[in-house]
Participant: 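Sharing a structure below in structure tokens format, with a few things to ask.
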Amino acid sequence: MNYTKHIAKILTVLVILLLIVGCSKNKSSIDVDTKNDTGAKLKIAGIIFQEDQFFRLVEYGMQEAANENNVDLKLQNSASAVDKESDFIRTYITDKVDAIAIAPVSADGSVTALKKANDSGIKIVTYDSSINADFPICDVKSDQLLLGKYTGEEAVKFINDKFSGKANIAIIQYKSFLPETSTKRAKGFLDEVSKLPGVKIVSDQDAWEAAKAADVVQGVLTANPDVNIIWAANEGGTIGAVTAVKNLGKAGKVYVFGTDMSEQIGMFLLDNESILQAVTAQKPIEIGKMVIESAVKSIKGETIDKKVELPGMLYTRDDKTQIDDYINMVKKL
């Protein structure tokens with residue numbers, strides 16, 4: 001037997017085994033990037049505050065980013081109730097999640113529970129609405145002024161073309177619910193339409209859910225038959241305003257401009273009654289992805305932006321292709 005060749009073969013096998021072990025160790029060091037310090041999968045909680053298409057798309061974006069980053073994502077809906085929100089947060093503290101991505105119900109009322117979570121070592125990312133505290137690692141939202149401004153610019157064109165620069169406008173907000181965001185959206189819109197000397201703001205009321213908004217707008221139109229333009233600050237208000245105009249048989253006399261986009265709003269923009277003229281939408285999927293990605297980066301020790309504001313997207317009755325693309329996208333999701 002040739003012992004020299006036999007020993008050479010054994011040494012070759014040993015070298016190959018060592019290389020395999022080394023590669024396995026390198027792979028583990030990469031995988032640990034999306035795990036916490038115990039080696040377990042990162043756990044992130046996502047909380048919304050109401051069930052509408054905007055938040056469903058936010059959740060879709062969150063889940064997409066969670067899948068891409070190997071994150072265990074837990075989703076809950078606080079239903080706009082601070083006590084329910086606090087219960088979820090307490091549960092997440094007990095579960096020792098790594099981060100909470102939340103659309104807080106109240107700028108002040110949501111602080112206490114989130115502060116406890118932060119003090120227990122949980123990263124807090126807020127989105128859509130903010131809290132009056134500095135401890136969240138990141139705040140992601142749409143540029144609220146631009147959401148109103150883009151629609152206001154479109155309304156100015158319409159008022160000039162349709163009513164020779166004169167209009168009586170009713171405003172539907174949600175100031176009593178989220179005063180900061182509602183006020184900014186309204187300001188963006190009003191700053192534009194107020195440039196026309198023939199514009200009057202006849203009514204400014206709160207109603208952010210579709211059914212309630214339909215009742216409120218119907219009352220406004222009954223009490224103020226000279227109103228010919230309505231602007232709404234959110235999805236529910238926009239849907240309610242269009243519904244009220246339809247119900248009162250005022251199509252062709254009263255026109256609606258709004259905020260947010262959904263499949264139903266898209267259908268209103270495509271219908272032949274021509275009540276809804278334009279809306280400025282947020283980018284919910286991008287928001288959802290960004291809050292999860294920001295949480296993961298922060299947990300890994302990477303630098304992230306403290307505040308992020310995304311521009312909105314204008315949808316008008318004149319661009320049917322853009323509206324069809326949105327509706328098809330939502331149906332696929």
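Position 1 is the first residue of the sequence; numbering continues from there.
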Participant: Taking side chain to side chain donor-acceptor pair (under 3.5 Å) as the definition, give me every residue that meets it alongside Thr91, ordered by chain and number, with sequence neighbours left out.
Facilitator: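 Side chain to side chain donor-acceptor pair (under 3.5 Å) list for Thr91, sorted by chain: empty.
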Participant: Is the backbone N or O of Val71 less than 3.5 Å from a side-chain atom of Asn69, with the two atoms forming a donor-acceptor pair by type?
Facilitator: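 A pair under 3.5 Å: no.
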Participant: Taking ILVMFWY side chains as joined if any heavy atoms are under 4.5 angstrom apart, and letting links pass through other members, which residues group with Ile93?
Facilitator: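 Ile93 clusters with Ile47, Phe88, Ile89, Tyr92, Val97, Ile100, Ile102, Val111, Leu114, Ile122, Ile124, Ile131, Phe135.
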Participant: Quick one, Leu196 and Asn160 - any side-chain contact, counting heavy atoms below 4.5 Å?
Facilitator: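 The answer is yes; the side chains approach within 4.5 Å.
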Participant: Among residues at least two apart in sequence or on other chains, which ones pass side chain to side chain contact (heavy atoms under 4.5 Å, CB included) with Asn168?
Facilitator: Lys200, Val202, Asp226, Asn228
Participant: Looking at every non-hydrogen atom in both residues, tell me the closest pair between Ala295 and Ile137 and how far apart they are.
Facilitator: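 Where Ala295 meets Ile137 most closely, the heavy atoms are CA-CD1, 4.3 Å.
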Participant: Would you say Leu178 ends up clustered with Phe54 if hydrophobic residues are merged whenever their side chains have heavy atoms under 4.5 Å apart, either directly or through other cluster members?
Facilitator: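 Shared cluster, yes.
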Participant: Could you check whether any side-chain N or O of Thr151 sits under 3.5 Å from a backbone N or O of Leu147, counting only pairs where one atom can act as donor and the other as acceptor?
Facilitator: yes
Participant: Verify, without hydrogens or angle tests, whether Lys253 (side chain) and Pro225 (backbone) share a donor-acceptor contact under 3.5 angstrom.
Facilitator: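 Between the backbone of Pro225 and the side chain of Lys253 there is no qualifying donor-acceptor contact (under 3.5 Å).
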Participant: Judged by atom type as modelled, is there a donor-acceptor pair below 3.5 Å linking the side chain of Thr280 to the main-chain atoms of Leu146?
Facilitator: no
Participant: Do Met290 and Leu310 come close enough that some side-chain heavy atom pair is under 4.5 Å?
Facilitator: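 When only atoms from C-beta onward are counted, Leu310 and Met290 do touch, with a gap below 4.5 Å.
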Participant: What residue pairs, at least two apart or across chains, pass salt bridge (Lys or Arg N to Asp or Glu O under 4.0 Å) with a residue in residues 157-176?
Facilitator: Glu154-Lys157
Participant: Which residue pairs satisfy the side-chain hydrogen bond (donor to acceptor under 3.5 Å, both in side chains) criterion with at least one member in residues 321-333, sequence neighbours excluded?
Facilitator: Gln53-Tyr326
Participant: Taking Val254 as the starting point, is it possible to reach Phe158 by hopping between hydrophobic residues whose side chains are less than 4.5 Å apart?
Facilitator: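 Phe158 and Val254: separate clusters.
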Participant: Sorted by first residue and then second, give each salt bridge (Lys or Arg N to Asp or Glu O under 4.0 Å) pair with at least one member in residues 104-115; sequence neighbours left out.
Facilitator: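 Pairs touching residues 104-115 that pass the test: Lys115-Asp119.
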Participant: Shortest non-hydrogen contact from Ala65 to Glu293?
Facilitator: CB-CG, 4.2 Å
Participant: Can you see which heavy atom on Ala99 is nearest to which on Ile299, and at what distance?
Facilitator: CB-CD1, 4.1 Å
Participant: Suppose we screen for side chain to side chain donor-acceptor pair (under 3.5 Å). Which residues come up paired with Asp271, at least two apart in sequence or across chains?
Facilitator: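 Partners of Asp271 under the side chain to side chain donor-acceptor pair (under 3.5 Å) test: Arg317.
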Participant: Which is it for Val308 and Cys138 under the side chain to side chain contact (heavy atoms under 4.5 Å, CB included) test, yes or no, and what are the steps along the way?
Facilitator: CA-CA 8 Å; Val308 178; Cys138 184; 4.3 Å; yes
Participant: Side-chain donor-acceptor pairs under 3.5 Å in residues 237-246, sequence neighbours left out?
Facilitator:
unit_1 : atom_1 : unit_2 : atom_2 : d
Thr238 : OG1    : Asn234 : O      : 2.7
Thr238 : OG1    : Thr259 : N      : 3.2
Thr238 : OG1    : Thr259 : O      : 3.4
Thr243 : OG1    : Ile239 : O      : 2.8
Lys246 : NZ     : Glu273 : OE1    : 2.1

Participant: What do you reckon, is NZ of Lys250 surrounded by more than 12 foreign heavy atoms closer than 6.0 Å?
Facilitator: yes
Participant: I'd like to know whether Tyr127 forms a side chain to side chain contact (heavy atoms under 4.5 Å, CB included) with Asp139, so could you lay out the CA-CA distance, the side-chain angles of the two residues, the decisive distance to 0.1 Å, and finally the verdict.
Facilitator: CA-CA 5 Å; Tyr127 69 93; Asp139 181 46; 5.6 Å; no
Participant: Can you tell me if CE on Met329 sees more than 12 non-hydrogen neighbours from other groups inside 6.0 Å?
Facilitator: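 Count over threshold, so yes.
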Participant: Quick one: do Lys74 and Asp72 make a salt bridge, cutoff under 4.0 Å?
Facilitator: yes
Participant: Give a yes or no on whether Ile287 and Leu314 share a hydrophobic cluster (residues Ile, Leu, Val, Met, Phe, Trp, Tyr; joining criterion: side-chain heavy atoms under 4.5 Å apart).
Facilitator: no
Participant: So among Ile229, Val220, Val193, Ile201, which one has a side-chain contact (heavy atoms from CB on, under 4.5 Å) with Ile171?
Facilitator: Ile201
Participant: Under the side-chain hydrogen bond (donor to acceptor under 3.5 Å, both in side chains) test against Tyr174, which residue among Thr181, Asp206, Thr183 passes?
Facilitator: Thr181
Participant: So how far is it from Ser182 OG to Trp208 CH2, rounded to the nearest 0.5 Å?
Facilitator: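 It comes to 9.0 Å.
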Participant: Taking all atoms of both residues into account, what is the closest heavy-atom pair of Ala81 and Val105, and its distance?
Facilitator: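 The answer is N-CG2, 4.0 Å.
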Participant: Taking only residues two or more places apart in sequence or in another chain, which ones pass salt bridge (charged side-chain N to carboxylate O under 4.0 Å, His left out) with Lys184?
Facilitator: Glu180
Participant: Is there a donor-acceptor pair under 3.5 Å between the side chain of Gln144 and the backbone N or O of Ser142?
Facilitator: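 Such a contact is found between Gln144 side chain and Ser142 backbone.
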Participant: Taking only Lys NZ, Arg NE, NH1 and NH2, and the carboxylate oxygens of Asp or Glu, determine whether Glu309 and Lys141 approach each other closer than 4.0 Å.
Facilitator: no
Participant: Counting C-beta onward and ignoring hydrogens, is there a side-chain heavy-atom pair between Lys289 and Glu68 closer than 4.5 Å?
Facilitator: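 In contact.
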Participant: Side-chain contact, heavy-atom cut-off 4.5 Å: Ile48 with Arg56?
Facilitator: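 A side-chain contact is absent here, since even the closest heavy-atom pair is not under 4.5 Å.
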Participant: Is there a continuous path of hydrophobic side-chain contacts, each under 4.5 Å between heavy atoms, that joins Val256 to Ile159?
Facilitator: no
Participant: Under the 3.5 angstrom rule, does the side chain of Arg185 hit a backbone N or O of Ala233 as a donor-acceptor pair?
Facilitator: yes
Participant: Would the distance check show the side chain of Ser80 and the main-chain N or O of Phe49 forming a donor-acceptor pair, the cut-off being under 3.5 Å?
Facilitator: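 Flag set: sc Ser80 to bb Phe49 pair under 3.5 Å.
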Participant: Is a salt bridge present between Glu153 and Lys149, judged by a nitrogen-to-oxygen distance below 4.0 Å?
Facilitator: yes
Participant: Got a sec: does the CD of Glu209 have more than 12 other heavy atoms crowding it under 6.0 Å?
Facilitator: no
Participant: Do side-chain atoms of Ser120 reach the backbone of Ala117 as a donor and acceptor pair under 3.5 angstrom?
Facilitator: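 Yes; judged by distance alone, with no hydrogens or angles, the pair exists.
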Participant: Same cluster for Phe177 and Val58 if Ile/Leu/Val/Met/Phe/Trp/Tyr side chains link at under 4.5 Å?
Facilitator: yes
Participant: For Leu145, what are the other residues in its hydrophobic cluster, where any two members join if their side-chain heavy atoms are less than 4.5 angstrom apart?
Facilitator: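 Answer for Leu145: none, a lone residue.
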Participant: Nearest 0.5 Å, what's the CZ-CD1 distance between Phe268 and Ile323?
Facilitator: 13.0 Å
Participant: Strictly distance-based, threshold 3.5 Å: is any side-chain N or O of Thr94 a donor or acceptor partner for the main-chain N or O of Arg90?
Facilitator: yes
Participant: List the steps and the verdict of ring-ring contact (aromatic ring centres under 6.0 Å, His included) for Phe55 and Tyr60.
Facilitator: CA-CA 8 Å; Phe55 279 112; Tyr60 180 87; over 10 Å; no
Participant: Applying side chain to side chain donor-acceptor pair (under 3.5 Å), run through Asp260 and Gln282 and close with a yes or a no.
Facilitator: CA-CA 6 Å; Asp260 291 335; Gln282 302 184 76; 3.1 Å; yes
Participant: Between Ala103 and Ser129, what is the shortest heavy-atom contact and its length?
Facilitator: C-OG, 3.8 Å
Participant: With a 6.0 Å cut-off on the ring centroids, do Phe257 and Phe189 count as close?
Facilitator: no
Participant: For Gln277, check side chain to side chain donor-acceptor pair (under 3.5 Å) against everything at least two apart and list the hits.
Facilitator: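 Scan of Gln277 (side chain to side chain donor-acceptor pair (under 3.5 Å), adjacent residues dropped) gives Ser274.
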Participant: Where do Tyr150 and Pro311 come nearest, in terms of heavy atoms and distance?
Facilitator: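 Between these two residues, the closest heavy atoms are OH-CB, 4.3 Å.
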Participant: The criterion is side chain to side chain donor-acceptor pair (under 3.5 Å); which residues satisfy it with Asp204, sequence neighbours excluded?
Facilitator: Gln173
